[in-house]
Amino acid sequence: MRSDTIKVGVQRAPHRALLKALGITDSDLSKPFIGVVNSFTNVVPGHAHLNRVAEAVKAGVISAGGVPFEFNTIGICDGIAMGHSGMRYSLPSRELIADSVEVMVQAHRFDGIVMISTCDKITPGMLMAAARLNIPAIMVTGGPMLSGIYKGKKVGTASMFEAIGKVAAGKMDEKELKCLEDVACPTCGSCNGMFTANTMACVTEALGMSLPGCATPAAVSAERLRIAKATGERVVELVNEDLKPIDVLSSNAFENAIMVDMALGGSTNTVLHVTAIANEAELDLPLSLFDKLSKRVPHLSSMIPSGPYDMQDLNEAGGIPAVMKVLKDSLHLNAVTVTGKTVKENIESAVVLNPEVIRPLDNPVHKEGGIAVLKGNLAPDGAVVKAAGISANMMVHQGPAKTFNSEEAAMKAILNKKIQEGDVVVIRYEGPKGGPGMREMLSPTATIAGMGLSESVALITDGRFSGATRGPCIGHVSPEAAVGGPIGLLEDGDIIEIDVPKRKMNVKLSGEELAKRAKSWTEKEPNVKKGYLVRYSQLVQPAHKGSILKKA
């Protein structure tokens, strides 16, 4: 066992003495040492209950004959960080999480790890670390919160951001806003729809890195604790079997995960995260693969924010095993999972319990998957859009650009009603390097939706859009403005053409005109001049490469 490095031999007597200071017994020294990586914090609703999940995990480890050692990582709530400079730190936190897990595991020589996470950057950060370390590892996600109910309708975090636009448009008063605010988030857990946190939980299960049925049960359910205990038991078996992440994280597993993501209409952020996890597994996932698989797999579940169903509905309909059962003819069924079994074996008994929530292949929500990759003279290296969240009449759009060099400037214009029907709002210098940190743009998108403009106004950015975004919102535009990309050359009034079915996005300018503007382009003063984000901006790679950091 790896942990023998700190347990066995005369030279390790000091190490054993320190372990015994923790209450470790002589008999414990012969057992597998399991790191329990917990991202509990009481500032993040998705993580506020993870100490309870960790207790169940540790109980499972002990019952299976292992010794659990718990340590923590940081965790950012994207909802609380949204709409201000704090959001610059969200995506960069992914790299810090991966590094911190690596540091703790390598220093203390654990034989295996259980990773406990819920929210957006924490789950992929931990999976990146698992692939990098390649010791037996398994994840248990913390589960979604229940939906709030307001005036008989399901509500959640996205409802609150859209309500800002409703207030600005005079469609809701502040008294109603307060009533909604009080009921929108009724429990702990990740936000209720197919936003980034829940998308990543589903992707993790589809990858084979968590137990079947792990992604969808509510955070407050007993089922969540039972899964956590079973996960703790299973990690000890993984150590005994020497089943490692690289055995699971094959190219076939990544294709399975992408196809499930497409069927669910998940967040565009998964393009960044899945690419980054694959990079740690030493696999190359080109942006084109996401588009290729999107054309192969239909969109089967109409989930919040663009549909009526929440995560509880998906769980009651059969969860991810049921989704994968519907997709079985497209999936790589021989892919190995952390159960030690193949995907085929895991989903053998799965049943769709509600065909309205998980539709059959012959009655999809959309014929193609939930994410599309666009290219053109405005995005030579690609851009990403959540096609599942766009109404049919906005799949093709042409309009004049309204350009803004920050999210704040765009938000001010939106609230001051400077945006008109038909406009294309361009938010730039918010990319991985230029932001830095590639901020999510839920405040502008949700405000536009709340004002009733999502059927007539498009948004594009070299930053990102939240998984809670709906409407024609195109992100990850690459190259970004900060490196002289075409999005940084746009001027107000330039006509932008968007054609999602044809996967095109262009500005109606000649190559000569773009070249002329490029010659006069000058680098913008950086938004941040000290601290972690400066180092991050110097190392981060483009969005189409997953916004990973350059390797030394």
Side-chain angles (χ1 to χ4, degrees), residues 1-39 54 57-73 95-117 122-123 125-140 204 207-211 228-250 253 277 279-283 336-340 551:
M1 291 188 291
R2 269 172 49 103
S3 60
D4 286 350
T5 306
I6 61 170
K7 295 188 300 189
V8 176
V10 172
Q11 293 183 32
R12 299 307 181 223
H15 304 67
R16 293 192 295 272
L18 288 167
L19 290 167
K20 288 179 178 180
L22 301 172
I24 298 301
T25 65
D26 285 331
S27 63
D28 287 335
L29 292 173
S30 64
K31 300 173 183 177
F33 278 13
I34 305 297
V36 178
V37 189
N38 189 359
S39 53
V57 167
K58 289 186 288 186
V61 171
I62 293 168
S63 70
V67 182
F69 295 89
E70 184 177 354
F71 65 91
N72 284 80
T73 71
E95 318 308 312
L96 288 175
I97 290 162
D99 290 350
S100 66
V101 175
E102 176 194 355
V103 166
M104 286 294 289
V105 170
Q106 294 290 49
H108 299 98
R109 312 310 295 169
F110 297 122
D111 298 302
I113 52 173
V114 178
M115 302 166 291
I116 305 171
S117 170
I122 301 91
T123 299
M126 289 185 178
L127 288 172
M128 289 165 66
R132 186 187 303 172
L133 292 162
N134 199 33
I135 65 170
I138 187 170
M139 174 160 275
V140 55
T204 300
L207 270 173
M209 284 299 294
S210 62
L211 294 180
K229 186 172 183 180
T231 300
E233 293 171 343
R234 179 60 191 152
V235 74
V236 178
E237 296 170 354
L238 287 174
V239 171
N240 294 333
E241 296 166 12
D242 197 31
L243 183 62
K244 298 175 181 176
I246 298 303
D247 300 321
V248 174
L249 296 174
S250 64
I277 298 162
N279 177 70
E280 293 289 355
E282 299 185 355
L283 295 171
V336 176
T337 72
V338 288
T339 64
K551 294 182 179 179

Given the options I34, V236, N38, V114 meets side-chain contact (heavy atoms from CB on, under 4.5 Å) only with I34
Step by step, work out the side-chain contact (heavy atoms from CB on, under 4.5 Å) result for V105 and F71. CA-CA 10 Å; V105 170; F71 65 91; 4.1 Å; yes
P245 and A130 have their tightest heavy-atom pair at CG-O, 3.5 Å
So do the side chains of V140 and L211 get within less than 4.5 Å of each other, counting heavy atoms only? no
The single option from E237, M115, R234 that satisfies side-chain contact (heavy atoms from CB on, under 4.5 Å) with I138 is R234
### Task
Report yes or no: does S117 contribute a side-chain atom to a donor-acceptor pair with the main-chain N or O of T123 at less than 3.5 Å?
yes
Residues T337 and L243: closest non-hydrogen pair is O-CD2, 3.6 Å
Residues D28 and K31 bridged, charged N to O under 4.0 Å: yes
Contacts of A253 meeting side-chain contact (heavy atoms from CB on, under 4.5 Å) (sequence neighbours excluded), chain-then-number -> L207, S250
Quiz item: Are the side chains of M126 and S39 in touch, meaning some heavy atoms are under 4.5 Å apart?
Solution: yes
**Electrostatic pair R16-D26, nearest N-O below 4.0 angstrom** = no
Would you say the side chain of I135 lies within less than 4.5 Å of the side chain of D111, judging by non-hydrogen atoms?
no
Shortest non-hydrogen pair, L29 vs I24, comes out as CD2-CG2, 4.0 Å
When I122, V101, T204, I97 are each screened for side-chain contact (heavy atoms from CB on, under 4.5 Å) with L127, the one that passes is T204
Shortest non-hydrogen pair, R132 vs A98, comes out as NH2-CB, 3.7 Å
_R12 side chain to K7 backbone, donor-acceptor under 3.5 Å_ = no
After noting the C-alpha distance and the side-chain angles of M128 and E95, does the key distance pass the side-chain contact (heavy atoms from CB on, under 4.5 Å) rule?
CA-CA 9 Å; M128 289 165 66; E95 318 308 312; 3.4 Å; yes
**Prompt:** Donor-acceptor pair, T231 side chain versus M139 backbone, under 3.5 Å?
**Reply:** no
Between the OG1 atom in T25 and the CG atom in L19, the distance rounded to the nearest 0.5 Å is 11.0 Å
- Task: Begin from the C-alpha positions of M104 and V37 and carry the test side-chain contact (heavy atoms from CB on, under 4.5 Å) through to its verdict.
- Result: CA-CA 9 Å; M104 286 294 289; V37 189; over 6 Å; no
**Request:** Please lay out, stage by stage, how E280 and I277 fare under the test side-chain contact (heavy atoms from CB on, under 4.5 Å).
**Result:** CA-CA 5 Å; E280 293 289 355; I277 298 162; 5.8 Å; no
Interatomic distance, CZ@F110 vs OG1@T5, rounded to 0.5 Å, equals 12.5 Å
Interatomic distance, NE2@H15 vs NE2@H108, rounded to 0.5 Å, equals 10.5 Å
To the nearest 0.5 Å, atom CG of L249 lies from atom NZ of K244 at 13.5 Å
Sorted by chain and number, sequence neighbours left out, side chain to side chain donor-acceptor pair (under 3.5 Å) with T73 holds for none
